[in-house]
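Below: the structure, in structure tokens.
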Protein chains: 2
Amino acid sequence: MSMELDKLDRRILAILQKDARRPAELMGADVGLSASAVQRRIARMREEAVITAEVALVDPKQAGRPLTMIVDVEVERERPELLASLKQWIAAEPCIQEAWYVTGAGDYVLIVVARDVDDFEALMQRLVVDNANVRRFQTRVALSTLKRGMFVPMDISP
Amino acid sequence: MSMELDKLDRRILAILQKDARRPAELMGADVGLSASAVQRRIARMREEAVITAEVALVDPKQAGRPLTMIVDVEVERERPELLASLKQWIAAEPCIQEAWYVTGAGDYVLIVVARDVDDFEALMQRLVVDNANVRRFQTRVALSTLKRGMFVPMDISP
DNA sequence: CGTGAAAACATGTAACA
DNA sequence: TGTTACATGTTTTCACG
């Protein structure tokens, strides 16, 4: 289940998190390994779900989703039976890219991408209508995106 | 610069955002196109930076970064000359995965991954020491991650 | 002009020592 | 693990609508 990542694994992961298409031969040259050794390690890490996916990143603006919102949602903690359906609702909603349950008064934080303000408001409307335990929410508009990614830092010194 | 995405492009993007390794021949079967036509469209979208990258996603827990924090940072707006260096600081800090400038009183929102609480506090210490314009910050701990991704929804009906 | 078919090419995969 | 041979996927070329 859990696996040990050595220094070479971590260096390979650091590369793959920036460019999953980089040929194994080049990565081998980077880290001092043969191409097949690199491939074996990658296959192992996919198997062990250290690598969970390999995906293309799309520019939201060019794809017609220029708006990003950060939404704090407050939920009634008295009704835990409704939480499961809220989670399903969030999972099924493609505009919601990220969602965390966070410390605080029954709060969730959502990252939402939308076509425009109307699109976003319609989503929030549905959020409260479909989920009776949503008490209120507060929206912040992302005026600029300084950084975006899911890069997990790798310790490559030891 | 800007490019028109037709229905087929969008369907291909929807697939690639979930699995960038899917063979072009299978994608062609999915959308009703030959493998080479699919490849050409992908190459074009890479060229036009609709596809900004193809990356591996790594499980933070297995990589030794089990903690996620959502940090609201309040910055003194009176000193705009310090904003550039703050942006550079954020860009250079690998623990900060995402950063937005948002509506509100000079606020930034950061998504931070950390090894442990000490690791996180050391980062925040450096944030305030290195950036004189950081007035204060508020941290929320992600108790559970319901959803994580950068999938941009695609309208595939029209 | 974009598409599909078949070529050449590069890459990934699976055997071997 | 590295090297080799093999299978798979990608890129290019070209004729067609």
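Chain A is the first sequence line, chain B the second, and so forth, proteins listed ahead of strands; every chain is numbered from 1.
In summary, the side chains of A:Gln97 and A:Arg65 do not present any donor paired with an acceptor at a separation below 3.5 Å, with no hydrogens or angles considered.
Distance CG (B:Leu16) to P (D:dG9): 15 Å, rounded to an integer number of Å. Atom pair B:Gln39:CD and C:dA8:P shows a separation of 19 Å (rounding to whole Å applied). Look at CD1 on A:Ile42: it is 16 Å from C1' on C:dA14, rounded to the nearest Å. Regarding A:Glu47, its CD atom lies at a distance of 12 Å from the P atom of C:dA14, rounded to whole Å. Taking atom CD of residue A:Glu54 and atom P of nucleotide D:dG9, one finds them 15 Å apart after rounding to whole Å. Look at CD on B:Glu4: it is 17 Å from P on C:dC1, rounded to the nearest Å. Rounded to a whole Å, the CG atom of B:Leu26 is 7 Å from the P atom of D:dG9. Taking atom CG of residue A:Leu33 and atom P of nucleotide D:dG2, one finds them 5 Å apart after rounding to whole Å.
Summary of the strand contacts: A:Gly32 and B:Pro23 both lie near DNA chain D, and taking for each the nucleotide with the nearest heavy atom, the more 5' one is attributed to A:Gly32. Residue A:Ala20 is the one, among A:Arg40 and A:Ala20, whose nearest nucleotide of DNA chain C lies closer to the 5' end (criterion: closest heavy atom). With the nearest nucleotide of DNA chain C identified for both B:Ser34 and A:Glu25, B:Ser34 has the one nearer the 5' end.
In this structure, the side chain of B:Gln62 engages the main chain of A:Glu48 through a donor-acceptor pair within 3.5 Å.
Among the protein residues, B:Ala43 comes within range of no part of the nucleic acid, since none of its heavy atoms lies under 4.0 Å from any strand.
For A:Glu81, the CD atom sits in a packed shell: over 12 heavy atoms of surrounding residues, nucleotides or ligands are nearer than 6.0 Å. Within 6.0 Å of atom CD1 in B:Ile156, 12 or fewer heavy atoms from other residues, nucleotides or ligands are found, so the atom counts as exposed in its surroundings.
Residue A:Ser36 places a side-chain atom within donor-acceptor reach of the base of D:dT3, judged by atom type and a 3.5 Å distance cut-off alone.
Contact annotation: B:Arg21 does not reach the phosphate of C:dG12 (side-chain N/O to OP1 or OP2, under 4.0 Å). The phosphate of D:dT1 (OP1 or OP2) has a side-chain N or O of A:Arg41 nearer than 4.0 angstrom.
Using a cut-off of 4.0 Å between Lys/Arg side-chain N and Asp/Glu carboxylate O, A:Glu98 and B:Lys147 are scored as not salt-bridged.
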